[in-house]
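Labels below follow one simple rule: chain letters A, B, ... track the order of the sequence lines, proteins then strands, and each chain is numbered from 1. Heavy atoms only: backbone and side chains are in, while hydrogens, waters and symmetry mates are out.
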Amino acid sequence: MSYRELKSQVKQCVEAALDANGFPTIKFEPVSPPRPEFGDLSVAVALNLAGRLKMKPLDVAEHIVSKIVIPEGSLIQKCWVHPPGYVNFSSIYPQYAKQTILNTLREGAIYGRVNIGGGARIGIEHTSVNPNKALHYGHLRNVVLGDSIRRILSYAGYEAQTLNYIDDSGLQVADLIVGFRYAGFNPEPEGAEKYDHYCGDVVYVKVNVLYETRKDLAAAQKQVLREMEDHTSDTARLASKITLRILAEQLKTCWRIGARYDLLNFESHILQTRMWNDVFEQLKNRGLVEFANEGKYVGCWIVRVEGEYEGEEKVIVRSDGTATYIAKDIPYAAWKLGLIPDRFGYRVFTEQPDRSRLWSTTVGQGESNPPVFAPYSKAITVIDVRQGRLQRIIGRILSDLAGDAQVNRYIHLDYEIVSLSGKTVEELGLGAGDKQTVSMSGRRGIYVNADDVLDAVHRKAYAETKKRNPDEDDAWLHGTAEKIAVAAIRFELLKQDLDKTIVFDLERALDLEGETGPYLQYAYARAARIIEKAGSISSVDSADFSKLTDPSEVALVKEISKFDVVVEDAVTNLAPKVIARYLYNTVSLFNTFYERMPVLKEQDETLKAARLALIKAFQTVVKNGLNLLGIETPERI
RNA sequence: GGGGGCGUAGCUCAGCAUGGACAGAGCGCCGGCCCUCUAAGCCGGAAGCCGAGGGUUCGAAUCCCUCCGUCCCCGCCA
């Protein structure tokens, strides 16, 4: 907050000084300089103007500084020129510290909030895992990313809703039915195995192996698919039963990692409500699809996608009249943006662990007063980068339909995939780890289940926590271990840039030290302990913030003051990573402070009070920030 | 063949959009630190022609071009 204020004051000062010198106005942004002795903010305009003015950068800077008028009551203390031509600004530190800390404490849980959304409803689709298997670790990147985006956008003043698309009528589901009916797989797992694990790890994988040798099963698959098309058939009912049961298990995993949803969209409902017909009619009327009378796609309806690629065309309706995969996505996307009538009914599906209601689409009436879902002002679809081409085509079709090519309301939030390290592949017996990394494949059984990773990290965290808290009971230990496990996994998946592949390595996943979620939680808990031991004696009123002069204190104060700017960055770039990096940095500064400054031993009560307030402000930032990443902050770990 | 991503320390990555002040972390390695605020920590050290070459610029890890390596996408599959 204070940082934003300081920055805007600096900017105005410099703009006025440029004007006073008769220098041209150019775009510039004050930035945090790399070293403390360069001040709190720095401006490089002189360097950029020098060429244009045919002057030496240093002279330009001198001219600027000579005309700078520091406004009364601002946070700016002074400014000066630094070679080769920077204009550096420092803040009035005691005031800056006081304002930052008090403001943070006053705002508490809403510190860092920025109103960018203005209440606009925004739809975020994520997870959308086929309901024929358990979530594997790669799916978790999607879930955690989508869920964090939801948290961040809500914090930024959007009415963010999360949608989970359930493809309950596809090929993968048919494979399970083939397994149960024609390949002799037991319809129930042995023992206590989770149903989604059983279907994915055993039935789905093995049926796909069997297809290679048993031609009768391939025929059976076609038969099953045909039967599923009639939603009143026994096969369709069985498919529905299986998918709902797997979905229930998948949701447990998603909730476990901290996600929640607003609505489940079932593909079968989109088919039954014939929403495709609505879209197809519009596409035909507007000439956005063409019937191919010749060429390799003769007899098909195709879309042409003008743009980066010349003459790109994509079949959306086959010559036998059936819709392709991409075509099935169009009505759903069009529904999100309100481009076709909403033909869904809605009903409560279940209650989630956070007590919120999870709704589902339905065919027919539904409940009388459901929440408002579509249309969304913007629809964000979280899917990995391999879907990029199709998503681009869908986006193009939608903006053509909406007639607003300029305003892109359909956003594909893409991210690189998660692969497995060769070492881990070998360790888990998933194949020969001769390569550096191996791509995951659900069908070939090359993956690690999300639940299994969570369990493994949980066990490790449990052992570590028990070591440090030997007197605590098992329930507390498990509760804490679970929070740590979630923190470790979520942070690991979020801190990395979206266009970089994440390589899952079992050993590294179990590392709870260094740049990890537990490191952040640990610092928070350390802070909590100081506050706890300090008791309630010292009040903020007696604090003398001008005494927070140790470099570790100054650095921490200044970092805390930047939180809201960081949140804004994360919002505009849809980048939880930015928050993760910032928090790690902040926590790291706190740890330095923690080692240097024995707070409770401090004799000077006014300084002690200031430090305690600083610690509380630090906690506020970490708590709010981690909350945006879906990571909890236990008081003790 | 066409399109796209990535290439920064032994390993995993920040920084690149909006070019500037000695290129930063974590892991690993070497050496210190429990003095009752939790050592899941801290401090110090070794380690980098920022893939290669060219260009633009007063200035390039950052922008442009070419090349190399690597991964992905390009089906009347989903």
Side-chain angles (χ1 to χ4, degrees), chain A residues 27-29 31 33-35 38 42 44 47-48 50-51 56-57 82-86 88 130 167 170-172 292 296-302 308-310 312 314-326 328-329 384-390 392 414 416-417 419 421 436-437 439 460-461 464-465 467-469 484 488 495-503 505 507-508 511-523 525-534 573 577 580-581 584-585 587-588 590-602 611-612 615 636-637:
Chain A
K27 244 179 69 187
F28 69 94
E29 208 56 46
V31 296
R35 282 196 276 175
F38 296 156
S42 178
L47 292 160
N48 298 324
K56 285 183 180 155
H82 191 279
Y86 292 97
N88 293 336
N130 286 331
D167 179 1
L171 200 63
Q172 294 89 345
K296 68 172 175 174
Y297 295 136
V298 62
C300 300
W301 286 91
I302 58 170
E308 303 104 288
Y309 315 118
E310 265 179 69
E312 189 172 12
K314 188 83 193 145
V315 173
I316 62 168
V317 175
R318 301 185 189 96
S319 50
D320 67 2
T322 56
T324 59
Y325 171 70
I326 184 173
K328 290 188 192 171
D329 260 11
D384 76 53
V385 66
R386 291 172 299 187
Q387 296 279 340
R389 181 179 134 85
L390 291 184
R392 207 162 38 237
D414 63 332
E416 263 293 349
I417 56 162
S419 58
S421 79
Q436 281 266 296
T437 62
S439 299
K460 174 83 183 291
E464 294 292 323
T465 310
K467 230 189 285 173
R468 294 164 173 80
N469 302 275
I484 294 170
K495 73 177 183 188
Q496 193 128 320
D497 197 273
L498 296 186
D499 49 31
K500 246 153 195 164
T501 307
I502 291 178
V503 180
D505 182 81
E507 196 182 315
R508 222 178 52 219
D511 190 6
L512 309 180
E513 294 170 14
E515 200 174 42
T516 66
Y519 172 88
L520 306 194
Q521 289 178 315
Y522 178 68
R526 279 175 135 188
R529 181 53 67 89
I530 297 176
I531 299 299
E532 182 192 317
K533 291 205 170 171
N573 293 307
K577 169 189 80 165
R581 300 265 161 207
Y584 172 74
N585 199 30
V587 158
S588 179
F590 170 80
N591 276 328
T592 302
F593 159 77
Y594 181 93
E595 301 281 343
R596 283 172 65 98
M597 304 286 123
V599 177
L600 297 177
K601 280 189 203 154
E602 180 54 53
R611 285 196 183 139
L612 288 172
I615 294 170
R636 217 152 25 83
I637 67 170

Open item on the list: Side chain of A:Glu515 only, heavy atoms from C-beta on: which candidate in B:A21, B:U38, B:A25 is closest?
Closed with: B:A25
Task: Base of B:A21 paired with side chain of A:Asn88 (donor-acceptor, under 3.5 Å) - done: yes
Task: Interatomic distance, A:Arg468 CZ vs B:C34 P [rounded to whole Å] - done: 18 Å
Task: Listed nucleotide nearest any side-chain atom of A:Leu512, set B:A40, B:C35, B:A14 - done: B:A40
Task: Gap in Å between the two P atoms, one belonging to B:G20 and one to B:C30, rounded - done: 37 Å
Open item on the list: If you compare all heavy atoms of A:Ser439 against all heavy atoms of A:Ser419, which two are closest, and at what distance to 0.1 Å?
Closed with: CA-CB, 4.2 Å
Task: Atom P, compared across B:U70 and B:G75: separation rounded to whole Å - done: 24 Å
Task: B:U66 - base-pair partner by Watson-Crick or wobble geometry, distances under 3.5 Å - done: B:A52
- [ ] In whole angstrom, give me the gap between the C1' atoms of B:C13 and B:G19.
- [x] 23 Å
- [ ] Could you give the distance separating B:U8 and B:C50 at their P atoms, to the nearest angstrom?
- [x] 11 Å
Open item on the list: Quick check against the 3.5 Å criterion: does A:Arg318 have a side-chain atom that pairs as donor or acceptor with the backbone of A:Ala323?
Closed with: yes
Open item on the list: If you go through the side-chain atoms of A:Ser588, does one of them form a donor-acceptor pair with the base of B:A25 closer than 3.5 Å?
Closed with: no
TODO: For A:Arg596 and B:C35, give me the distance from atom CZ to atom C1', rounded to whole Å.
DONE: 16 Å
TODO: Go ahead and name the base partner of B:C11; Watson-Crick or wobble counts if both distances stay under 3.5 Å, otherwise write none.
DONE: B:G26
TODO: If the glycosidic angle is within 90 degrees of 0 it's syn, otherwise anti, so just tell me which one B:C34 is.
DONE: syn
Open item on the list: Distance check, C1' atoms only: B:C68 and B:G31, in whole angstrom units.
Closed with: 41 Å
- [ ] Grab the two heavy atoms, one from A:Gln496 and one from A:Thr501, that are nearest each other, plus how far apart they are.
- [x] NE2-O, 3.2 Å
TODO: Send over the distance from A:Phe590 CZ to B:A40 C1', rounded to a whole Å.
DONE: 14 Å
Between the protein and nucleotides 74-78 of chain B, which nitrogen or oxygen pairs come in under 3.5 angstrom?
from: B:C76; atom 1: OP2; to: A:Tyr297; atom 2: OH; distance (Å): 2.5
from: B:C76; atom 1: O3'; to: A:Arg318; atom 2: NE; distance (Å): 3.3
from: B:C76; atom 1: O2; to: A:Ser319; atom 2: N; distance (Å): 3.2
from: B:C76; atom 1: O2; to: A:Ser319; atom 2: OG; distance (Å): 3.0
from: B:C76; atom 1: N3; to: A:Ser319; atom 2: OG; distance (Å): 2.8
from: B:C76; atom 1: N4; to: A:Val298; atom 2: O; distance (Å): 3.1
from: B:C77; atom 1: OP2; to: A:Arg318; atom 2: NE; distance (Å): 2.8
from: B:C77; atom 1: OP2; to: A:Arg318; atom 2: NH2; distance (Å): 3.4
from: B:C77; atom 1: O3'; to: A:Arg318; atom 2: NH2; distance (Å): 3.3
from: B:A78; atom 1: OP1; to: A:Arg318; atom 2: NH2; distance (Å): 2.3
from: B:A78; atom 1: OP2; to: A:Arg318; atom 2: NH2; distance (Å): 2.9
from: B:A78; atom 1: OP2; to: A:Tyr325; atom 2: N; distance (Å): 3.1
from: B:A78; atom 1: O2'; to: A:Gln172; atom 2: NE2; distance (Å): 3.4

Task: Side-chain N,O (A:Lys500) to OP1/OP2 (B:G7) below 4.0 Å - done: yes
Open item on the list: With a 3.5 Å cut-off and heavy atoms only, can you find an N or O donor on one side and an acceptor on the other between the side chain of A:Thr516 and the base of B:A40?
Closed with: no
- [ ] Check whether the aromatic ring of A:Tyr86 stacks on the base of B:G20, taking stacking as ring centres less than 5.5 Å apart and planes within 30° of each other.
- [x] no
- [ ] State, to 0.1 Å, how close A:Leu520 and A:Tyr584 come at their nearest heavy-atom pair, and which atoms those are.
- [x] CD2-CA, 3.7 Å
Open item on the list: Would you measure the distance from the P atom in B:C49 across to the matching atom in B:C72 and give it in whole Å?
Closed with: 29 Å
TODO: Look at the side chain of A:Tyr584 and decide which nucleotide, out of B:G26, B:G41, B:C72, has an atom nearest to it.
DONE: B:G26
- [ ] State which of B:A21, B:U12, B:C42 makes the closest approach to the side chain of A:Glu595.
- [x] B:C42
Task: Distance, rounded to the nearest Å, where A:Lys533 contributes NZ and B:U36 contributes C1' - done: 7 Å
Task: Complement of B:C42, any strand, by Watson-Crick or G-U distances under 3.5 angstrom - done: B:G32
TODO: Please tell me if the side chains of A:Ile637 and A:Ile484 come closer than 4.5 Å, counting only heavy atoms from C-beta onward.
DONE: yes
Task: Any donor-acceptor pair under 3.5 Å from A:Asp505 side chain to A:Arg508 backbone - done: yes
Open item on the list: To check you understand the geometry: which heavy-atom pair defines the closest contact between A:Leu512 and A:Lys460, and what is its length?
Closed with: CD1-CG, 4.0 Å
TODO: Please state how far atom CD1 in A:Ile502 lies from atom C1' in B:C72, giving the value in whole angstrom units.
DONE: 16 Å
Open item on the list: Say we look at B:G69 and B:C76: how far apart would their C1' atoms be, to the nearest angstrom?
Closed with: 36 Å
- [ ] Can you see which heavy atom on A:Lys495 is nearest to which on A:Glu515, and at what distance?
- [x] NZ-O, 2.9 Å
Open item on the list: Distance check, rounded to the nearest 0.5 Å: A:Phe590 atom CZ versus A:Glu595 atom CD?
Closed with: 9.5 Å
Open item on the list: Measuring only between side-chain heavy atoms, which start at C-beta, is A:Tyr594 closer than 4.5 Å to A:Ile615?
Closed with: no
Task: Rounded C1' spacing from B:A60 to B:G54 in Å - done: 13 Å
Task: Gap separating the CD1 atom of A:Ile502 from the OG atom of A:Ser421, nearest 0.5 angstrom - done: 13.5 Å
Task: Value in whole Å for how far the P atom of B:A14 lies from NZ of A:Lys495 - done: 10 Å
When you compare the protein's N or O atoms with those of nucleotides 55-63 of chain B, which come within less than 3.5 Å of each other, and at what distance?
from: B:C58; atom 1: N4; to: A:Leu47; atom 2: O; distance (Å): 3.4

Open item on the list: Tell me whether the ring of A:Tyr522 lies stacked over the B:G41 base, given a 5.5 Å limit on centroids and a 30° limit on the plane angle.
Closed with: no
